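So the structure is just underneath, and the comments pick up after that.
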Amino acid sequence: MDRFAEVDDQYDPHELEGRIFDYWDDVDAYEQTVEHRSDGETYFFVDGPPYTSGSAHMGTTWNKSLKDVYIRFLRMQGYDVTDRPGYDMHGLPIETRVEERLGFENKKDIEEFGEENFIQECKDYANEQLEGLQSDFQDFGVWMDWDDPYRTVSPEYMEAAWWGFSKAADRDLVEKGHRSISQCPRCETAIANNEVEYEDVEDPSIYVAFDLEDREGKVVIWTTTPWTIPANTFVAVDEEGEYVGVRAEKDGTDELLYVAEPKHEAVLKAGRYDDYEVVEELTGEDLIGWSYEHPLSEEVPDHPDHEGACEVYAADYVDTHGDGTGLVHSAPGHGEEDFERGRELGFPIFCPVGGDGVYTDDAGAYEGQYVKEANEEIISDLEENGSMLAAETTTHSYGHCWRCDTGIVQIVTDQWFITITDVKDELLENIGESQWYPDWARDNRFRDFVEDAPDWNVSRQRYWGIPLPVWTPEERAEPRDDGDESRARDDEEMIVISTREELAERVDQDVDPETVDLHKDTVDDLTITEDGTTYTRVPDVFDVWLDSSVATWGTLDFPEDDSRFEELWPADLILEAHDQTRGWFWSQLGMGTAALGQSPYEQVLMHGHALMPDGRAMSKSKDILVDPHEAIDRHGRDVMRTFLLSNNPQGDDMRFSWDGMQTMENHLRTLWNVFRFPLPYMRLDGFDPTETTLESVESDLEALDEWILARLQSTKAEMTEHLEEFRQDRALEALLEFVVEDVSRFYVQAVRERMWEEEDSASKRAAYATIYRVLRETVVLLAPYAPFVSEEIYGTLTGDDGHDTVHMEDWPTVDDRFVDDRLETDVAFLRAIEEAGANARQQAGRKLRWPVPRVVIAADDDRVIDAVSRHTGLLEDRLNAREIEVVSAEDRWEELAYSAEADMSELGPAFGGRAGEVMNALNEARIDEPDLAALEDAVADVLEDGESAEQRSAEDSGGDEPRAQLEESMVSFVTETPEEIAGTAFGFDGDDHGVVYVDASLTEDIESEGYAREVIRRVQEMRKDLELDVEERIVLDLEIDDDRVADLVAQRDGLVREEVRADEIRDVADDDGHRKEWDVEGVEMTIAIEPLATPEASD
RNA sequence: GGGCCAAUAGCUCAAUCAGGUUGAGCGCCACUCUGAUAAGGUGGAGGCUCUCGGUUCAAAUCCGAGUUGGCCCA
């Protein structure tokens, strides 16, 4: 780019961003930036792999923007940052999408299609989805290593998972278990608890009475899953709960029912009994040991009838105040709690349901039926045999498969676990090793989650995943689900393979470790024969959460490539949304601890979700979303990024806002305007920043130059501090405030006249050097947020002198030479005074272009007097005042009246309950002298006896309880502006520091300048109408009706001619030039201008 | 049903940790300015600080109970 090249008049994000993409390509900007830091200290960032489904949504966009801003910032600080993006490409979601595509309904369809073909389809689909995400992320301007993302389906990555699992096995944390799990009957696989989604559904709600044996009566249970009744093994009660026996009457017959006392009314109502009577009161303990007859003993001949079955037991999951009857139907085959209790009781587990949700032959009459469809028949069977007390329906939340939305069933199957409960203490300890932002996420939410976490079921009975690297002896490969616990355990004899090389060495077949694909279709055929035993592979694949859990070493291609693991691991930073506490934050901690005894990450930045403008959650499936592509279409990438990054990244959700987007565009446009303003002048004057450096003009710097440079230093310091605390939103706020408030609204406004000077001057050069430094550092500070516009500005400012890209720049550090806190405070005062002065002027009806003879500043403290006296000239300029006068607090104007403001922190403790009343009186008081005695007089009527100083001294001898009294420290006196003077209080940070009085009286000299400036302004407007060049000379024709005014303007003839570049003042013919009538403060004037013919170019 | 987080101006947030007369930006209305101008300036309207209790002389702030939203868990 050429230095100071012509730039667009208007900030046009789309064209600019397109241009910058091309430029980055041309100069290999990303590659150069990475190379530039290759010798730096390493920083190991790990990308949490998004699941490859569809395109990027606003949440992902926010996430990647956050990653990008911190990676760029760290690079600028000199770090060699690991930035390999990743994609999570296995798992049920892709399988179900591919099944839909192929029109499949269940596993049989897949088997017919062929495992190999199906896996290939999944691979193709995942790669297709990946492309969409890749191009989106690149389009957002995110700089990561897009040429080489890690993919969880690649052999190296899958090997990383095998390695991690084998390390856990080495530590004896891998176990095959016969356990109660959630099963999706459609997908025919176990799913993890965190894959279960709950939604409200209508289900049967039945009360069933089990006939007691050996005694009269029935125990009543309640369930919403009639299909689990065939597997009923026992009934559970709360040992300490209160129960009653109720004799209930219906249709002339009566029966004795046992239920929990708190529930008996509801139960009997449900049973529509005509009348009832409590005949017995018992505790849960009394019921224990009662035996009953299985309610479906005829239909299910194989029902549990072992020793101890069909009896009442105590269980801690029973609540006599909750849903149901206080007696819980328990089927260890269909629920985790029941299962655990059943185990404790030493019962065999009866589960007559297969992985497809269909009853097996154990279910007798119901064999072959899908469980939910069997509900009806079971209900009618129960009604027929007289067990049904009431059959209703109820709406409650029930678990569903997260992918296909099928209702889950609880069954007992063989699964493989990582027994993280064995290392729970280590997990909790490792939590403490990581630093979280915000910290409460770790100490509350995450710790709770980890404390409650059960063993990790890592096996899935599916196809598209990383196969378990487990081989077990062939002869023991018995069918699962048989509930037979007597056979030898597979996990005692298993072989766990850790790498491709080990695989090639140990399997019976010829395998090339370089080329082998580790998917199920390949490895299923491999066998291992050792010591005369043949081992076959366990057919399961891993839970997809296991894939990403190994990302910290998978990213490094470890163990295949062991060159960087030692140096880099564990990760310095991971950065994801709060839903990952149960997901990736957890799975990584679990795997890191199980495999390596350590947390795999040191810092966690946890952000929130992107919400709709009205606060609803975004949802792709319900089409409730803001598409990032639309945001880009409307405002561009830099605006979208800065908007997203202006939100708190720690824990809070972000509400998307089109208003917020527009505001960011306005801010960036302000920066653009600030940037392009000095360019024409710099070009014209041949300003060369490499020669006219800030250092070379240091002695010519004016107060405002020094001030804006001081502000730049504080802004850098503040931003760095915020960014290091992961609050890029606050850093951005500081930067934008600097750009908008300080640079644009104050510095540029003030410095414009210096740049308009035609002659070369030290002042102008100092201004150029100053604004050049400010702009150049500003775009470096902005570069991580808005990489496109920063690049364009940087390129235009530096030409060939800088790096090829702003992103190679070092993060700007504070330059001590320009730090000046006193000056910053001074200007803060001056700006407050100026603002108040503008206000006072408006009250006095005097525009800024009319000078005022005198501005009086009544200062409350010496700090203000110092500031004003150091910068009187500047203040005269800014307020357009001929003279500035300062009046100190001691030398106050006698015209002024005073009131008092109460300091509640002093008044409150002294006056107690009456403090509010006293405060109001003080605020309303008007006194001539700001002293306590006058004030006490003014508020005498609200003060009680003994509360004023006078009364105190009179009663001093009394020795009563001391009464409160007004003290100097309780009040501060405030000036009240007299009507004839325009005055406005000024202050900042909420404190008043004085009052600005504008004396708006007129003199001839002032009127002369005022009218002259009115004329100048109008001529300038007319020049603009004609689109004249700034330098172009004109002829001016001025006709003013009012002779006095005409004379006043004539006195400033020289000023007018110079400002409007009029070489001649004479008549302009009606036909020539540009003529306009004006009304200036009630005076009619006609102005005509005509450009002078450009003289022949002469050397 | 349980845990965590949030709730303050029309919108986005600050002030909450350490109690002391609620603030900023954006938006809106009026006026104003005009050689960076799709800008800028001044003023104005706009708040039972989600509700109800409690502690305290004093609560947006501390405590308890609830409401609504988000996430997580069951």
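Nothing here was measured: the structure is a model prediction, and the numbers come from that model.
Residues of residues 730-742 of chain A that place a heavy atom closer than 4.0 Å to RNA chain B do not occur.
A:K424 meets the salt bridge (charged side-chain N to carboxylate O under 4.0 Å, His left out) test with no other residue; sequence neighbours excluded. Remark: A:A750 engages A:L704, A:R878 in a side-chain contact (heavy atoms from CB on, under 4.5 Å) (not counting sequence neighbours). A:D8 pairs by the salt bridge (charged side-chain N to carboxylate O under 4.0 Å, His left out) definition with A:R19, not counting sequence neighbours. Residues that satisfy the side chain to side chain donor-acceptor pair (under 3.5 Å) test with A:D653, not counting sequence neighbours, are A:H578. Not counting sequence neighbours, the partners of A:S182 by the side-chain contact (heavy atoms from CB on, under 4.5 Å) test are A:I191, A:N193, A:V196, A:I408, A:Q410. The side-chain contact (heavy atoms from CB on, under 4.5 Å) test applied to A:P851 returns A:N880, A:R882, A:I1006, A:E1009, not counting sequence neighbours. With sequence neighbours left out, the ring pair (Phe, Tyr, Trp, His ring centres under 6.0 Å) criterion links A:Y747 to no other residue. Listed by chain and residue number, A:A236, A:Y317, A:V318, A:R341 satisfy the side-chain contact (heavy atoms from CB on, under 4.5 Å) test with A:A315 (two or more places apart in sequence, or in another chain).
Among the atoms of the strands shown, only primed sugar atoms or phosphate atoms (P, OP1, OP2) are found under 4.0 Å from some heavy atom of A:R676. If you check every strand for non-hydrogen atoms under 4.0 Å, A:W672 touches nothing. Among the atoms of the strands shown, none is found under 4.0 Å from any heavy atom of A:S646.
Put simply, A:R655 has a side-chain N or O that comes within less than 4.0 Å of OP1 or OP2 on B:U12.
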Enumerate all atom pairs, one protein N or O and one N or O from nucleotides 61-64 of chain B, separated by less than 3.5 Å.
none

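A:T581 is listed as a side-chain neighbour of A:W436, based on a closest heavy-atom distance under 4.5 Å.
When the P atom is compared between B:U49 and B:C11, the two are found 15 Å apart, to the nearest whole Å.
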Per-nucleotide protein contact string for nucleotides 28-35 of chain B, where B marks a base within reach and S marks sugar-phosphate only (heavy atoms under 4.0 Å, - for neither): -----SSB

Under the 3.5 Å Watson-Crick or G-U criterion, the dot-bracket string of RNA chain B, with | for inter-strand pairs: (((((((..((((......[..)))).(((((.......))))).....(((((..]....)))))))))))).

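Put simply, CZ on A:R669 is 14 Å from C1' on B:G40, counting in whole angstrom units.
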